[in-house]
Amino acid sequence: MSHPFRRVSATQLTLPHALDCPVTLFATPDVPVQRAAAQELTTFLDRLTHLPTLQGRTPPARLHRVALTPDFHKGAGIPVGTVLHTEGVLFPEAIGNDVACGMGLHTTTLTRDDLEPHLDALEDTLRRVFFQGQRRLSTTGKQREAVLRSGIGALVDSPLHPGQSGLWSRVRDSLPADARQRLHAGGQLPVLSVPAHLDWLREPHHLTHDAQLGSVGGGNHFVELQYVHRLLDRGTAHHWHLKAGQVVVMVHSGSLGFGHLAAQQARTAAQAALPEDPVWAALPVRDGGPAHQPVMDALNAAANFAAVNRLCLAAMAAQALSEHLPGTGTSLLYDAPHNFIWPDPAGGWLHRKGATPARGFAGMQGTPFAFTGEPVIVPGSMGGSSFLLAGRGLPEALSSASHGAGRLRSRGEAMRGHDDEFHAFLRDFRVVTPLDWRRARPDIQAQKLRELKQEAPFAYKGIGPVIRTLAESGMAAPVAELRPLITVKG
DNA sequence: ATGTGC
């Protein structure tokens with residue numbers, strides 16, 4: 001036996017453990033489950049069983065269900081692709097390092113043929129807009145506070161400062177009338193008290209650029225111009241105004257330095273709340289007691305920040321497009337985080353670490369997606385296809401789906417590839433990076449090259465089997481395959 | 001994942 005899971009159907013396996021709650025792995029056929037990941041999860045679940053403070057509480061703290069997505073693999077702490085539904089307890093550790101990291105997708109009025117003659121020039125423009133000191137996204141302290149408190153509300157309601165450049169207003173103007181319904185949780189999670197001690201708020205007033213907003217971030221984050229390679233569900237594609245050959249903008253980014261600090265605070269607060277369990281910091285949620293509120297304020301502020309940043313990144317890509325193709329329109333299709341904790345509508349708390357929300361028709365009532373299911377954006381590896389699916393709200397999967405292909409080789413292994421081959425890949429696949437930014441220090445450049453190599457396509461599994469498993473298990477239905485034209489890697 | 005650089 002290569003792993004401790006027991007197969008219960010074509011795609012579903014159960015993990016034996018001491019807890020009285022179902023644990024379901026949606027396994028990808030022919031792809032072996034990483035034993036190390038299964039072991040980490042078992043350790044985590046055993047730990048919950050033995051956490052003495054979880055027992056005898058009123059209301060009781062317990063785990064209702066665990067779902068593991070088809071790209072389930074080893075990660076820091078519990079594995080990537082883990083979804084937990086808890087009651088009376090939060091696990092800030094169980095959502096990944098990058099709080100509210102997620103995906104956004106915007107349609108454009110362009111076709112691949114429109115864009116093709118401009119690709120060389122666009123590479124230079126994107127390099128300038130994203131890296132060469134021309135981000136030109138300025139913020140005031142009041143705007144930054146509004147972003148944290150209100151997320152997308154800051155874009156809609158907050159006034160512009162005289163002297164601020166056009167990008168901030170471009171972000172606002174690019175939002176469709178129903179924008180709030182096109183962001184998970186309305187793009188605005190509740191923050192009772194803005195965590196004022198987080199660095200981003202205290203940064204000096206810049207009139208030229210913000211230190212964080214407008215940054216892509218590192219690792220697997222990117223902004224990509226793609227085209228619709230093929231439609232897999234014409235009806236849903238029509239609903240979503242997607243056509244074959246159409247150019248779209250995909251954004252994968254998180255909460256940057258702000259969220260990093262917010263996550264640290266959340267962990268520290270959780271450890272202080274339950275010092276008996278300093279490793280898997282558990283945070284009790286007491287009825288009528290606000291013990292968890294500062295933690296959720298910090299996490300929610302990070303989610304608001306991340307959603308706004310993804311909108312900013314898309315607007316920067318749109319700006320670059322319109323420099324070459326004036327009059328180009330872009331429109332937000334959907335945006336959702338894949339590392340987060342939300343209160344579940346049915347009670348308790350839903351934790352997703354590297355798993356994307358995939359609610360079905362019932363869960364999307366009152367939104368533009370009531371008849372299609374929630375858009376599920378699954379990015380491929382660098383140079384490869386990404387997929388757009390429609391959520392089906394599978395209860396066993398806790399209305400979740402995979403968030404990517406899943407890593408195949410360790411970061412260390414990926415870094416051992418040849419530099420020359422990697423540079424050739426970046427050139428052939430039109431990957432724009434900060435590597436050739438002349439003003440950057442050589443040691444920083446060398447480090448950046450090592451980081452980028454960790455994201456080389458051969459480091460990731462093929463996305464095809466993951467998408468097939470999502471479809472066959474009933475987690476999400478494929479709508480379109482998207483292929484890259486130009487990629488901006490942070 | 002974060003920061004670096006401006």
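Everything numeric here is computed off the predicted structure, so don't read it as measured data.
Counting any heavy atom pair closer than 4.0 Å across all strands shown, A/Gly96 reaches no nucleic acid atom. Across all strands, A/Gly257 comes closer than 4.0 Å only to sugar-phosphate atoms, never to a base (heavy-atom distances). A/Leu256 comes within contact range of the sugar-phosphate backbone alone, with a heavy-atom separation under 4.0 Å but no base atom that close. At the heavy-atom level, A/Glu451 lies under 4.0 Å from base atoms of the strands shown.
Between A/Leu388 and A/Val248, the closest side-chain pair of non-hydrogen atoms is not below 4.5 Å. Contact of the A/Glu93 side chain with the A/Phe44 side chain is not registered, since no non-hydrogen atoms from C-beta on lie closer than 4.5 Å.
Between the CD atom of A/Gln265 and the C1' atom of B/dT2 there is a distance of 14 Å, given to the nearest Å. Separating the CG atom of A/Leu261 from the C1' atom of B/dG3 is a distance of 12 Å, rounded to the nearest angstrom. Separating the CH2 atom of A/Trp200 from the P atom of B/dG3 is a distance of 13 Å, rounded to the nearest angstrom. Distance, A/Phe131 CZ to B/dG3 P: 13 Å, rounded to whole Å. One atom, CG of A/Leu435, and another, P of B/dG5, lie 16 Å apart when rounded to the nearest Å. Rounded to whole Å, the distance from NZ on A/Lys448 to P on B/dG5 is 13 Å. Going from atom CG of A/Asp443 over to atom P of B/dG5 covers 9 Å, rounded to whole Å. In this structure, A/Asn97 atom CG and B/dG3 atom P are separated by 13 Å, rounded to whole Å.
Between A/Glu123 and A/Arg128, no side-chain nitrogen of the basic residue sits less than 4.0 Å from a carboxylate oxygen of the acidic one, so the salt-bridge criterion is not met. A salt bridge does not link A/Glu145 to A/Lys142: none of the charged side-chain nitrogens sits closer than 4.0 Å to a carboxylate oxygen.
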